Amino acid sequence: MDLIIGSHVSYTKDEGLVGSVKETLSYGANTFMFYTGAPQNTARFPIDNEKTKEAQKLMKENNIDINNVVVHAPYIVNLANDKDEDKWNFAVNFLINELKRTASFGVDKVVLHPGSHVGLGPLKAIDNIAKGLNIILSEKEGPAILLETMAGKGTEVGKTFEEIKQIIDKVDNKNRIKVCLDTCHINDAGYDVKNFDKVLEEFDKVIGLDKLACIHINDSKNVINAHKDRHENFGFGTLGFETLIKVIYHEKLKEVPKILETPYISMTSDGKDRTYPPYKFEIAMIKEKKLNKNLYEDIRNFYK
Ligand code: FE
Ligand code: FE
Ligand code: ZN
């Protein structure tokens, strides 16, 4: 089976899913992840179903298996905090709609940050998250929610496999609850990604490998256990090229989609500061299994 590799891509009102697929193809990728609107807010516009049909056709023609495609929920929804009841209810309703939107694309995975406890403590937060998920996932069928492993920045919940497992244990509809592992986040949370076999063993022991449905591939700007969450380009951070290649080509993870969320590269052109996606060049390195020391120059030359 081929390597399943892709990146975060944009999704716009005008281009719909067709734009996302075209961007994916331009990177030489065979899967992708997108937000159904802005990552940082919950404003959502209606989906153009004609564009979705066209996108699904384009995916088929180019061997993109829609079962490997992932939606990411906006990171401001916080199921962990129920201090403001209206806000918590809004988050629950938003996610119910987000799952419907996801299903209308034919996609069956939504990555979700478990949330931040903002002083309530992880135990109460885990209860709140599970309570919300049990409402959101009350229908037997539908897309799965993938809880993402977090860096432990601020009061983030889900910084250990144990916390993720505690949430899963409280969710009734087990078929619709899975996990997304983020290599930058687990490094920042204190897991030794350089010893990845051991990390996977631990994941399997605590959560179960069968629950692992997506991997976010990111290098980290910070040392292990920094609790920072700052992504770095592939091979240019504290994890390094060999470590991330080992994760990507791991025997036990062949069927798990790998998604890059590495930072855009900044460049000044015509006196304006712009940023450009690194994915085409990072995916090329991954396929060749060889570090491109000129990554930044190559990206700037390509987009200038
Ligand atoms: Fe995320
Ligand atoms: Fe991530
Ligand atoms: Zn992150």
Side-chain angles (χ1 to χ4, degrees), residues 4-11 29 31-42 68-80 91 94-95 98-99 102 107 109-116 129 133 143-161 163-164 167 177-191 193 196 199 203 207 211-234 236-239 243-244 247-248 253 256-264 275 277-279 282:
I4 308 164
I5 185 85
S7 70
H8 161 245
V9 298
S10 59
Y11 171 87
T31 190
F32 61 98
M33 180 178 82
F34 65 106
Y35 292 80
T36 69
Q40 67 277 15
N41 70 46
T42 50
N68 294 326
V69 176
V70 183
V71 161
H72 198 309
Y75 37 76
I76 57 145
V77 298
N78 187 7
L79 291 179
F94 176 86
L95 287 170
E98 189 71 351
L99 287 173
T102 301
V107 171
K109 297 177 205 12
V110 178
V111 172
L112 174 71
H113 294 180
S116 295
I129 296 162
L133 290 174
I145 285 194
L146 279 51
L147 297 170
E148 181 163 357
T149 58
M150 302 311 290
K153 191 174 72 179
T155 64
E156 274 173 355
V157 182
K159 61 190 180 298
T160 61
F161 299 158
E163 284 184 355
I164 300 268
I167 302 168
I177 188 83
K178 293 176 184 177
V179 179
C180 171
L181 187 91
D182 185 309
T183 54
C184 167
H185 295 178
I186 61 170
N187 169 75
D188 289 21
Y191 291 93
V193 183
F196 191 64
V199 174
F203 186 99
I207 301 174
K211 282 286 178 210
L212 186 53
C214 178
I215 302 183
H216 286 168
I217 300 287
N218 301 305
D219 215 324
S220 175
K221 284 193 198 294
N222 292 97
V223 292
I224 184 169
N225 213 17
H227 301 296
K228 290 275 207 248
D229 190 6
R230 294 196 62 210
H231 302 186
E232 182 55 283
N233 290 106
F234 194 103
F236 289 77
T238 55
L239 293 178
T243 298
L244 291 173
V247 175
I248 286 181
L253 306 179
V256 183
K258 284 116 192 149
I259 304 286
L260 295 158
E261 302 174 298
T262 46
Y264 274 39
T275 59
Y279 307 123
E282 290 183 335

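Just so you know, ligand 1 is whichever comes first in the structure, and atom 1 is the first atom listed for that ligand. These numbers come from a predicted model, not from an experiment.
- Asp182 contributes OD2 as its N, O or S atom closest to the Fe ion (ligand 2).
- Note on Glu148: its N/O/S atom closest to the Fe ion (ligand 1) is OE1.
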Show the numbers, then the answer: is there a ring-ring contact (aromatic ring centres under 6.0 Å, His included) between Tyr191 and Phe161? CA-CA 10 Å; Tyr191 291 93; Phe161 299 158; 4.2 Å; yes
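- Ring geometry for Tyr75 against His113 counts as parallel: the plane angle stays under 30°, on a 0 to 90° scale with 60° as the upper cut.
- When you scan the N, O or S atoms of Asp229 for the one nearest the Zn ion (ligand 3), you land on OD1.
- Glu261 places a side-chain heavy atom less than 4.5 Å from the side chain of Met33.
- Here the side chain of Asp182 pairs a donor or acceptor atom with the backbone of His185 at under 3.5 angstrom.
- No donor-acceptor contact under 3.5 angstrom links the side chains of His231 and Asn233, judged on distance only.
- For Glu261, the N, O or S atom with the smallest separation from the Fe ion (ligand 2) is OE1.
- Taking the Zn ion (ligand 3) as the apex, the angle formed with NE2 of His185 and NE2 of His231 is 110°, to the nearest 10 degrees.
- Residue contact annotation: His216 places an N/O/S atom under 2.8 Å from the Fe ion (ligand 2).
- The closest side-chain donor-acceptor pair between His72 and Glu148 falls under 3.5 angstrom.
- For the Fe ion (ligand 1), the set of nearby N, O or S atoms under 2.8 Å includes one belonging to His113.
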